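These notes concern the structure reproduced below.
We name chains A, B, ... by the order of the sequence lines, and we start the count at 1 in each one. Bear in mind that the values here come from a model prediction, so they are computed numbers and not experimental data.
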Amino acid sequence: MTVAQAEFVVETDRLTKRYGDVVAVDALSLRVPRGGVFGFLGPNGSGKTTTMGMLLGLVHPTSGSAQIFGDPARHPATLKLVGAMVESPTFYPYLSGRANLRYFQGIGGRGKPADIDRLLTLVDLGKRADSKFATYSLGMKQRLGIACALLGDPELVFLDEPTNGLDPAGVVEVRELIRDLGTGGRTVVLSSHMLAETELVCDNVAVLSRGKLIAQGTIKELLREHDSLRLRTTDDAGAKVVLRGLPWVEEVATQDGGLEVTAPQARAWEVSRALADRQIYVNELVPIHRTLEEFFMEITETDPTTGRQRA
Amino acid sequence: MIGNVANLTIWEWFKLRRRWMMWILLVFALLFAQLAVWGSFFSYQNLRDTGGELTVPATLQQQQGRVPRTVRCNDLLSGDPARQPTDLDAQVTAGLTAQCRAQAATLPSRMSRAYGNFTLPGSIPNALGTVQTLGLILMAILTASAIGIDYGAGTLRSVLTQGTGRWPYLTAKFLTLATLTALGLLVAVASIAISSTIAGNLGGTAPEAAGTAATWSDAGIALWKAWISILPYIALTAFVTVLARSSAAGMAIGLGYYFAEQLIVALLTNFFSWFQNVADYLLVRNISGWTGATGGFPGTVLPDQTHAIIVLAVYTLVLGGIAFWLFERRDVQGATGGG
């Protein structure tokens, strides 16, 4: 299968990685569609970096398989088509930023020497290109990592926490850059803790928790699945019974002196009608739009105050 | 695949040539090469000027409590009273003179040998003996550093995600180090040749004496042997560096093993005669056997060259093979720190 033919640029089938008794990645079956920015989300230790490592040939899977562009992942020929920045960017400290890019371009046979100046300008490192990498700030290292991942104009780019260490202006710049990268048929797999940023640039996301894939789809679909309505009625107790009887209502909970109904917002009118049929009248009906962050906290069982997963 | 390895080798050189360490190590190698040439030159000059020197212990001197001193055979044998030592008993002086007469018979051959050690082509095998010993240490440092930096700085991750492949990358490192060893030795030989020419002019005409002078063929063989002898040591250091994922560990073992083996062999062969058989299969001992060096193993018989080259080949293949196996098989982690 050629690069152009593959519908999914990344496919894994029950990909598993164990370290002794610890299962870092548990039977992960993931599909990354071609084009756009794919968010790869999960709390610390959820297995995101291990998965990227397995796809990029850095970590040997315990079982399962992975393909990139329909070919076995990890294979050097496949990796030539992929750009990556995994975890913190790593370069030779005694070489300049430019020399580091020349080196990685050379060993990977990626593009032409002239591309280096273009990439350094793209990530705003033109003025410090000839300084040693050891003298770079964290943000500059991050930018050089992104430039390196883009060497040879790869079809698929893995970026692991690309905005780490960047100032707010830098975050905005990189966000715009990632959004641009995801156009024109290229696919960017973005792993990030900055969920607000992710929501702004990603088309599709996959969420990992404790090594397992717990959600995958477009952001719209995922948030819609978890749509809810806030409801105040003339008889909340009676309304609870009525709504629980509706097949498309997932959950009804009492909250803040009213009810929170997990149901598609498009069916709000049906909620109102069903209650009216039982002589229960709606005082307030408000659609609740969740953010990706709220969705993430909920499905990964993360405590929003501590940021840690509940045991 | 060969093209990939060749490309990686070229880029390995791109990295290494930008490191001060490599050039500093080369300077050390050249300094030792010069030391060997000029040491031989001054030794020859001294032999020519003095006819050999004898050490007079403090106990034989008239004035007790003095430190040992030397007397020149040329002075003693000149018969000139003004050149005779005045602070020694006549009996002692007579004894020393007799000793000098006995040594005078071998003086021409000693002078010839000393002259050959700082003039071409004999200066090359002579100085390479010193450079080779130091080269083991220097290449251990360079090997540990060249391989260990990818673990310390975490760059192995960035390298492998470029699709280089693991074994081609490590092969390229070995090739680069082996090539640099050869180039370093060639540069050392060139510097030896230059200084030998200068020293030869300063030393004047060759002394007339019998003796087997080294040939250009001997020089070539010495160069070849020096290069071959360093390769198993590169394999040892690479193995330890990959095993420990650390340049510090590679350097420590690379440096320490050379001395540790000699110390252990010297100690254990004294106590247990059977240990001689074990020692014949140790790395440094076979390196010495291969190059014909005797340093470090006084009073012991080194393995012959055929035995030595087979043992060295086995060491290179086994240590290198395990390094490749580990490199290919293990997961790549993040930066471990260090260089």
Quick one: what part of Tyr19(A) sits under 4.5 Å from any heavy atom of chain B, side chain, backbone, both or neither?
side chain

Flag if over 12 foreign heavy atoms under 6.0 Å of CZ, Arg330(B)
yes

Where Asn7(B) and Gly106(A) come nearest, the two heavy atoms and their spacing:
ND2-O, 2.9 Å

Can you classify the ring geometry of Trp11(B) versus Tyr103(A) as parallel (below 30°), tilted (30 to 60°) or perpendicular (above 60°)?
perpendicular

Spacing of CD1 belonging to Ile107(A) relative to CG belonging to Leu160(B), to within rounding of 0.5 Å:
8.0 Å

For Ala153(B) against Pro93(A), the heavy-atom pair lying closest together:
CB-CD, 4.1 Å

Euclidean distance, Ser158(B) OG relative to Phe91(A) CZ, rounded to 0.5 Å
5.5 Å

Is chain B contacted by the side chain of Arg102(A), its backbone, both, or neither, given a heavy-atom distance below 4.5 Å?
both

Using non-hydrogen atoms only, which part of Ala149(A) is less than 4.5 Å away from chain B: side chain, backbone, both, or neither?
neither

Crowded around Arg17(B) CZ? As in, over 12 foreign heavy atoms under 6.0 Å?
yes

Engaged part of Ser88(A) at the chain B interface, taking heavy atoms whose separation is under 4.5 Å:
both

Most chain B-contacting option - heavy-atom pairs closer than 4.5 Å, from Ala99(A), Pro89(A), Gly108(A)
Ala99(A)

Would you check if Lys17(A) and Asp331(B) make a side-chain contact, meaning some heavy-atom pair closer than 4.5 Å?
yes

Would Thr90(A) and Thr155(B) count as having a side-chain donor-acceptor pair, cut-off 3.5 Å?
no

Assess Arg18(B) against Tyr94(A): is NZ or CZ under 6.0 Å from the centre of the six-membered ring, and within 45 degrees of the ring's axis?
no

So for atom OH, which belongs to Tyr136(A), do other residues, nucleotides or ligands contribute more than 12 heavy atoms lying within a distance under 6.0 Å?
yes

Are Gln105(A) and Gln162(B) close enough that some pair of their side-chain heavy atoms sits under 4.5 Å apart?
no

Interatomic distance, Thr161(B) atom OG1 to Arg74(A) atom CZ [nearest 0.5 angstrom]
13.0 Å

Could you tell me if the side chain of Val159(B) sits less than 4.5 Å from the side chain of Tyr92(A), heavy atoms only?
yes

Would you mind checking which part of Arg166(B) comes under 4.5 Å of any heavy atom in chain A, side chain (CB onward), backbone (N, CA, C, O), both or neither?
side chain

Is Lys212(A) atom NZ crowded by more than 12 heavy atoms from other residues, nucleotides or ligands, each under 6.0 Å away?
no

Enumerate by number any residue of residues 51-67 of chain A whose heavy atoms lie under 4.5 Å from heavy atoms of chain B; in the absence of such residues, state 'none'.
Leu56(A), Gly57(A), Leu58(A), Val59(A), His60(A)

Check each atom of Leu95(A) against the heavy atoms of chain B and say whether the ones under 4.5 Å are side chain, backbone, both or neither.
side chain

